[in-house]
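This report refers to the structure that appears directly beneath it.
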Amino acid sequence: MTGKQVIESMDNGWRALCVQYDNARDEETRRALNLLSKITAKMKSEFDKAEKNDGKQITIEEWLAWLNSEED
C-alpha cells in the first residue's frame with residue numbers, strides 16, 4: 001500500500017466510525033474518533049514531509065513515541 005492509500009483508508013475508517021457515533025453516541029466512540037483523527041492528521045503531515053525530503057518517513061519508534069506522548 002502506498003502512503004496515500006493508507007491515509008485514504010484511515011479517512012474511510014474515520015467516516016465509518018462517524019456513522020456509528022451518529023447511531024449510538026457514547027464516550028468510547030467519541031474518544032476513538034478523536035484519536036483516529038489525530039493519527040490521520042499526523043500521518044498526512046508525515047507523508048507530506050516525506051515527499052519533500054526525498055521519501056524519508058517516520059520510523060516505528062518515532063510513531064510509538066508520538067502515540068505515547070498523546071496519552072499524557
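All values derive from a computational prediction rather than experimental measurement.
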Rounded to the nearest 0.5 Å, how far apart are SG of Cys18 and CG of Asn23?
11.0 Å
For Thr29, what residues pass the side-chain hydrogen bond (donor to acceptor under 3.5 Å, both in side chains) criterion, not counting sequence neighbours?
Asp26
State which residues pass side chain to side chain contact (heavy atoms under 4.5 Å, CB included) with Asn12; sequence neighbours excluded, sorted by chain then number.
Glu8, Arg15
Which heavy atom of Gly13 sits nearest to which heavy atom of Leu36, and what is that distance?
C-CD2, 3.9 Å
Going from CE on Met43 to CG on Asp48, what distance comes out if it is rounded to the nearest 0.5 angstrom?
11.5 Å
Any Lys42 side-chain heavy atom under 4.5 Å of Glu46 side chain:
yes
Under the side chain to side chain contact (heavy atoms under 4.5 Å, CB included) test, which residues partner Glu27, sequence neighbours left out?
Arg30, Arg31
Working to the nearest 0.5 angstrom, can you tell me the gap between Met10 CE and Ser37 OG?
10.0 Å
Is a salt bridge present between Asp11 and Lys44, judged by a nitrogen-to-oxygen distance below 4.0 Å?
yes
How many angstroms lie between atom CH2 of Trp14 and atom CG of Asn34, to the nearest 0.5 angstrom?
9.5 Å
